[in-house]
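For reference, the structure is listed below as structure tokens.
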Number of protein chains: 4
Amino acid sequence: MGSSTTQDRKSAKREAIIQAAAAVFAERGFAGATVAGIAASADVGKGTVYEYFDSKEDIFLAVFELLMGQLAEDLATQHPGGSAVEQLRVFSEAFVAWINHTSEAYSLTLEFWAAAGTSPMRDRLMAAFRQGYLQYREFIADILHQGQEHGEIRPGVDVEAVATALVGMWDALGLQAWMFTDLDVESVNRGFLDAMLTGLIPQA
Amino acid sequence: MGSSTTQDRKSAKREAIIQAAAAVFAERGFAGATVAGIAASADVGKGTVYEYFDSKEDIFLAVFELLMGQLAEDLATQHPGGSAVEQLRVFSEAFVAWINHTSEAYSLTLEFWAAAGTSPMRDRLMAAFRQGYLQYREFIADILHQGQEHGEIRPGVDVEAVATALVGMWDALGLQAWMFTDLDVESVNRGFLDAMLTGLIPQA
Amino acid sequence: MGSSTTQDRKSAKREAIIQAAAAVFAERGFAGATVAGIAASADVGKGTVYEYFDSKEDIFLAVFELLMGQLAEDLATQHPGGSAVEQLRVFSEAFVAWINHTSEAYSLTLEFWAAAGTSPMRDRLMAAFRQGYLQYREFIADILHQGQEHGEIRPGVDVEAVATALVGMWDALGLQAWMFTDLDVESVNRGFLDAMLTGLIPQA
Amino acid sequence: MGSSTTQDRKSAKREAIIQAAAAVFAERGFAGATVAGIAASADVGKGTVYEYFDSKEDIFLAVFELLMGQLAEDLATQHPGGSAVEQLRVFSEAFVAWINHTSEAYSLTLEFWAAAGTSPMRDRLMAAFRQGYLQYREFIADILHQGQEHGEIRPGVDVEAVATALVGMWDALGLQAWMFTDLDVESVNRGFLDAMLTGLIPQA
DNA sequence: AATGAATGAGACTTCATTCAT
DNA sequence: CATGAATGAAGTCTCATTCAT
């Protein structure tokens, strides 16, 4: 033990290619990226890339999985304890942190979305996106439901609708963070959450 | 009057090509679409396309402008009268109507976003998107501000943050409508608006 | 009489197209020129060009004939009287005048030469060039022969060789005039003629 | 030693493509030649050509440089010793040798001249031609000047004019050799040189 | 395992030519 | 007669992928 196995070396190089590819795809898009460019960026030969991946699409999907995994990991580290409101804050802040960390390479995400719409990979990407969205929507809905049970959230609230809207809203924040680099996403998130919790209109 | 002029015929054919191109781009994406395919789809010769457009990118941008124009038009037909809350409902419903009307070809929108990130057209597209977002954000913020002045909206609300979040949320609804074809966007919008207006947490 | 006939108008327009084409071919070469460009330059519709010419090559050949005709005309106006030496001077000066008049558009001549080498028109052009060269060579040879008969030219001179070399030399002066716009072709011609008549080496 | 390196193989293939291209350009001209044809003629794939050259123009320029290099090489092998007259003979014979060796592919030279006039490569070609002409003109002028200093050449001779005319004349011999395949260039050159040295007109 | 030279499918684009008006 | 919209053949160039070393 301690000595790096062949397996290790293999996956290490594979990882390096994925990292390099992520940068290239973010910079040029899927269509604009070339396998030669990825290979050069990863400092390996063009042929070597094909030792680890079957095709350009294959690389793209690997990058996609890496990104999705990072997001899931980031969110998973959050301890879900506390009140519903507390959990909403914690979750949204974790997401915002991810946004801030990712926004520079957000074009990569857009590439994935576009590919989910039109490329031959659409099925696999679309399935992943759907699953991700459903998962987070459900996660938020659970929090809200629990909040309703505990009397923290008003009973009249359409939990499903709110969860759906919220998940989309947070996702869209990533887009806006990328578009408007000076946007203070954290502040927007906080300001919005506060307003939504208390309500826009004055109570009687 | 009534006789079709040369000008008419020219712009009519141009329009036909744009329509055909929109369908092809939506189906295959920018990179996947071929000019030959667009020409065939518009039922004209390959060379004819180049009588009306300088390049494939040019066609793409024309389609983009068509879509943006349609959206702006749809929203512009809304009479802005009534209370702030009323206006939010009206605006959001117009937007939701556009979503329902466009969701099938939403992949086209995703193509535009992706192109805004990486293609050589990025500057033009990005500028248009930024401007669009800003415009709608400001529009919503205006409504909220007026609401505050009239006492309809609570004074403590961070209007800018809410407007930013709302615009993103509505945009993201389009994405979800496309992803989940059975999603009732109208209902989500209404449920969310109601909850946000009154607030998630019970008042004292 | 005096009223322009249909025939006149036709050939006038044809002439205009040839003139315009000459400029365009000189500017862009045969391959680089477009029929559309020629039409625009002649201020007629693209289709009109095809009323007067069967093809782009046809236009090119018409321009060629125009240029050749001009040269022949210029040289024909020279009265061939006088001694052999006198005639050489007169002829060469006429040629030099043509060079000075044409050098700006010399690239057109180069286009013809190139076309004589490789284009489908090669046979027609080559034949014309050959005939032209032969004609002038013979013309010069005649002068020299007569000079020999009259004792003006040394009997030992290889008249055919000298005529061949001279014709080529004058032709090449055109090329150099075009390449080096500040070259004083007239002076070169005179200086060379003088030297050649008397001889480069000192006489015993 | 004796083992071919990668470098060798690369430049060997590059050379092969240039050779093939020279033949194709000579046969069809620049515009008429196709990269596919060149590739086929070089017995490599179409894409391979682009591994060695950036564009069709690039190939053309490489062929040009090859030809120019061959000429310079041929002339450089001449030992410049002897009297001025002797040197003129030697130089002109070397040039004539090159003509005889090249005349079959002279259309290639015409292509270069035409390209120097109108193609996008005009600047590079024109510069090379100008430099070549100047170089040879100066070379001849030097010989003549030295001849004058040594009393071999008459003092009254306009050396610059004669040098300019001679260089053009030799160049034009190449053209005539190509046009009239049965022309005995060597004989023409000798006959002309003899006549010019002694002078056309009888001495007193 | 690693490489990069070789390849050819395929796409954009140009433009000579036709023909209906 | 004049026109210019329409066309498709043809050509350059890119690049994912293969495979011999």
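Letters A, B, ... are given to chains in the order of the sequence lines, protein chains preceding strands, and every chain is numbered from 1.
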Can you check the B:Phe53 CZ to E:dT13 P distance for me, whole Å?
-> 13 Å
For A:Ala128, what residues pass the side-chain contact (heavy atoms from CB on, under 4.5 Å) criterion, not counting sequence neighbours?
-> A:Phe64
A:Ala105: side-chain contact (heavy atoms from CB on, under 4.5 Å) partners, not counting sequence neighbours | A:Ala26
Please name all residues satisfying side-chain contact (heavy atoms from CB on, under 4.5 Å) with D:Asp58, sequence neighbours left out, ordered by chain then number.
-> D:Phe53, D:Asp54, D:Ser55
Figure out the CZ/C1' separation between C:Arg14 and F:dA2, and round it to whole Å.
-> 17 Å
Map D:Glu57 and B:Val49 onto DNA chain F by nearest heavy atom, then report which one ends up closer to the 5' terminus.
-> B:Val49
B:Ile17 atom CD1 is separated from F:dA6 atom P, nearest whole Å, by 8 Å
Nearest-Å distance for atom pair CG/C1', residues B:Asp54 and E:dC15 | 15 Å
Closest approach of C:Val24 to C:Gly37 (non-hydrogen atoms, all atoms of both residues) | CG2-O, 4.3 Å
Whole-Å gap separating P (F:dT18) and CG (A:Asp58) = 12 Å
In chain order, what residues pass the ring-ring contact (aromatic ring centres under 6.0 Å, His included) check against D:Tyr50, with sequence neighbours excluded?
-> none
Please list every stem that involves DNA chain E, where a stem is a run of 3 or more consecutive Watson-Crick or G-U wobble pairs with both pairing distances under 3.5 Å.
-> E:2-21 with F:2-21
Check the pair A:Leu67, A:Thr109 against side chain to side chain contact (heavy atoms under 4.5 Å, CB included), reporting the backbone distance first and the verdict last.
-> CA-CA 9 Å; A:Leu67 221 79; A:Thr109 303; 3.8 Å; yes
Out of E:dT7, E:dT3, F:dA6, whichever nucleotide has its closest atom nearest the side chain of D:Glu51 = E:dT7
For residues 24-44 of chain B, pull every pair meeting side chain to side chain donor-acceptor pair (under 3.5 Å), keeping only residues two or more places apart or in separate chains.
-> none
Pairs touching residues 20-47 of chain D that satisfy ring-ring contact (aromatic ring centres under 6.0 Å, His included), sequence neighbours left out = D:Phe25-D:Phe30, D:Phe25-D:Phe60, D:Phe30-D:Phe60
DNA chain E-proximal residues of residues 114-122 of chain A, any heavy atom under 4.0 Å = none
Side chain A:Lys13, main chain A:Val44, donor-acceptor under 3.5 Å | no
Within this structure, what is the CG-to-P distance between C:Asp43 and F:dG4, rounded to whole angstrom?
-> 10 Å
A:Leu61: side-chain contact (heavy atoms from CB on, under 4.5 Å) partners, not counting sequence neighbours = A:Met121, A:Arg124, A:Leu125
Rounded interatomic separation in angstrom, taking OH from C:Tyr52 and P from E:dT17 | 18 Å
Qualifying residues under side chain to side chain donor-acceptor pair (under 3.5 Å), relative to C:Thr118, sequence neighbours excluded | D:Glu111
Polar atoms only, N or O, under 3.5 Å: list the protein pairs with nucleotides 8-12 of chain E and their distances.
{"from": "E:dG8", "atom 1": "N7", "to": "D:Gly47", "atom 2": "N", "distance (Å)": "3.1"}
{"from": "E:dG10", "atom 1": "O6", "to": "D:Lys46", "atom 2": "NZ", "distance (Å)": "2.9"}
{"from": "E:dC12", "atom 1": "OP1", "to": "B:Ala33", "atom 2": "O", "distance (Å)": "3.4"}
{"from": "E:dC12", "atom 1": "OP1", "to": "B:Lys56", "atom 2": "NZ", "distance (Å)": "3.1"}
{"from": "E:dC12", "atom 1": "OP2", "to": "B:Val35", "atom 2": "N", "distance (Å)": "3.1"}

